[in-house]
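What follows is a short report on a single structure.
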Number of protein chains: 2
Amino acid sequence: MPAVSDCINMLDSETKAVETPEDHAEELRLWLRLLTCTTLIEGEVRGRLRQRFDVTFPRFDLMAQLDKAPDGMTLSDVSKRMMVSNGNVTGLVERLVESGHLDRRTSETDRRVQVIRLTKLGRAEFRKMAAEHETWIADLFADLTPKDVRELMRLLAKTKASAQKSAGRRRA
Amino acid sequence: MPAVSDCINMLDSETKAVETPEDHAEELRLWLRLLTCTTLIEGEVRGRLRQRFDVTFPRFDLMAQLDKAPDGMTLSDVSKRMMVSNGNVTGLVERLVESGHLDRRTSETDRRVQVIRLTKLGRAEFRKMAAEHETWIADLFADLTPKDVRELMRLLAKTKASAQKSAGRRRA
DNA sequence: CGGAAACATTTTAGGCTTAAAGCAATTTCG
DNA sequence: CGAAATTGCTTTAAGCCTAAAATGTTTCCG
């Protein structure tokens, strides 16, 4: 049963002229819960990656992008996919080239562009990590039913679209 | 309609003796989508906090914790709540004390403990930021119906519980 | 053609973050 | 009591990350 104050707000919200400070406490709580879930899982994955393979989460993430692109990617592509800044990728790639996991070469047709690929070593190591990683994720989400997973996928797709639209509105 | 290979897997999964490498691609995709949503929203909020208030996301987060605790918190409490390392909090607090937003004092009863509070300035500035922040979040989640929000809350609560259980299993 | 705009990347300065080691204070328990 | 374990915090070393400025390259047009 809605409290009196809620009824008043509901009435106000239908009266366009009245500027009611609307209550968005629910969305705020949702955002905090989303952040908590991600932080929790990411921390767990990071810890396991470090313990088992002595690799960081960003390095694993970068290698995962490259594993899906056998012909390599440009740094810009990687930066967009990973949703991190360009400068960030520069350093990340530098260290992975240094350790022999990545191969970097300047594009033949455009000397601005750097194309990076996994080396044989990089691909082999990534595949090993990815296989184990998948079992960790399965375990972390173990209590969700297949239906829960589908429903979450759907709602997060909607969330992503909504957030992208809002971000677009701001940049416009 | 399930493909033939799926039927085989389903049969296998009910045959305890057979060690089928199970497929967890759905959970993997769910995790990536969760991460994408959080990264997207956090990036948007960080950008707005910087532009409007010249404040970082971690500082805002720390002040939010303290706003809920008028009597102050210990650094350990803050560290647990924010889900970051102890050392991280030390530096964060240092900078916010420096800028006059936080007050730090050693506990009377236990000289190991540091208690931090928002100063008058800190509280005033936080309240201003928080009000605007709430409208950003509302806008980012604008396309979700109240029912979507409730359902996401429920499913993320389940996700959080599942992940915590899994993390606990590992530490044991 | 040639200058302006756009593009891809790197550099810079500053801040965030972690894991691990270290230090001091407190608690536990033989 | 007093040694050992625990607790709360800081320090350290290394890496991650961003926004903004800088550099070199290519494209767009007038």
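Each chain gets a letter, A, B and so on, in the order the sequences are listed, and its residues count up from 1.
Of all nucleotides listed (D:dC17, C:dT18, C:dT9), C:dT18 comes nearest to the side chain of B:S85.
In terms of modelled atom types and a separation under 3.5 Å, the side chain of B:S166 and the main chain of B:S162 share no donor-acceptor contact. Listed for the A:R117 side chain is a donor-acceptor partner under 3.5 Å among the backbone atoms of A:D71.
Summarising the geometry, the separation between CD on A:E94 and P on C:dT9 is reported as 14 Å, rounded to the nearest angstrom. Atom-to-atom, CZ of B:R104 to P of D:dC9 comes out at 10 Å; the value is rounded to the nearest Å. For B:I116 and D:dG8, the CD1 to C1' distance is 13 Å, given to the nearest whole Å. We find that NZ of B:K80 is positioned 12 Å from C1' of D:dC9, with the value rounded to whole Å. Taking atom CE of B:M73 as the reference point, atom P of D:dG8 lies 13 Å away to the nearest angstrom. Atom pair B:N88:CG and D:dC9:C1' shows a separation of 13 Å (rounding to whole Å applied). What separates CG of B:L92 from C1' of D:dC9 is a distance of 15 Å, to the nearest Å.
Within 6.0 Å of atom NZ in B:K160, 12 or fewer heavy atoms from other residues, nucleotides or ligands are found, so the atom counts as exposed in its surroundings.
The 5' end of DNA chain C is approached more closely, in terms of each residue's nearest nucleotide, by A:T90 than by the other of A:T90 and B:V89.
OP1 or OP2 of C:dC16 has at least one side-chain nitrogen or oxygen of B:R95 nearer than 4.0 Å. Of the side-chain N and O atoms in A:S79, none sit less than 4.0 angstrom from OP1 or OP2 of C:dT9. Contact annotation: A:N86 side-chain N/O to C:dT9 OP1/OP2 distance is not under 4.0 Å.
Residues passing the salt bridge (Lys or Arg N to Asp or Glu O under 4.0 Å) test with B:E132, sequence neighbours excluded: B:R52.
Interatomic distance, B:D61 CG to B:R81 CZ, rounded to the nearest 0.5 Å: 11.0 Å.
Residue B:S76 is in sugar-phosphate contact alone, with no base atom involved, counting any heavy-atom pair closer than 4.0 Å across all strands shown.
Checked by atom type, the side-chain pair A:N86/A:S79 shows a donor-acceptor distance below 3.5 Å. For the residue pair A:Q114 / A:S107, no side-chain donor-acceptor distance below 3.5 Å is found, with atom types taken as modelled.
Residues from residues 35-72 of chain A that place a heavy atom under 4.0 Å from any atom of DNA chain D, listed by number: A:T56, A:P58, A:R59.
Taking hydrophobic clusters as Ile, Leu, Val, Met, Phe, Trp and Tyr residues chained together by side-chain heavy-atom distances below 4.5 Å, A:L66 shares a cluster with A:F60.
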**Message:** Evaluate A:R169 against B:D139 for salt bridge (charged side-chain N to carboxylate O under 4.0 Å, His left out), listing each step before the verdict.
**Reply:** CA-CA 10 Å; A:R169 264 195 302 276; B:D139 194 58; 3.0 Å; yes
Are there any protein N/O atoms within less than 3.5 Å of an N/O atom in nucleotides 21-28 of chain C, and if so, which ones and at what distance?
{"from": "C:dT26", "atom 1": "OP1", "to": "B:R111", "atom 2": "N", "distance (Å)": "3.1"}

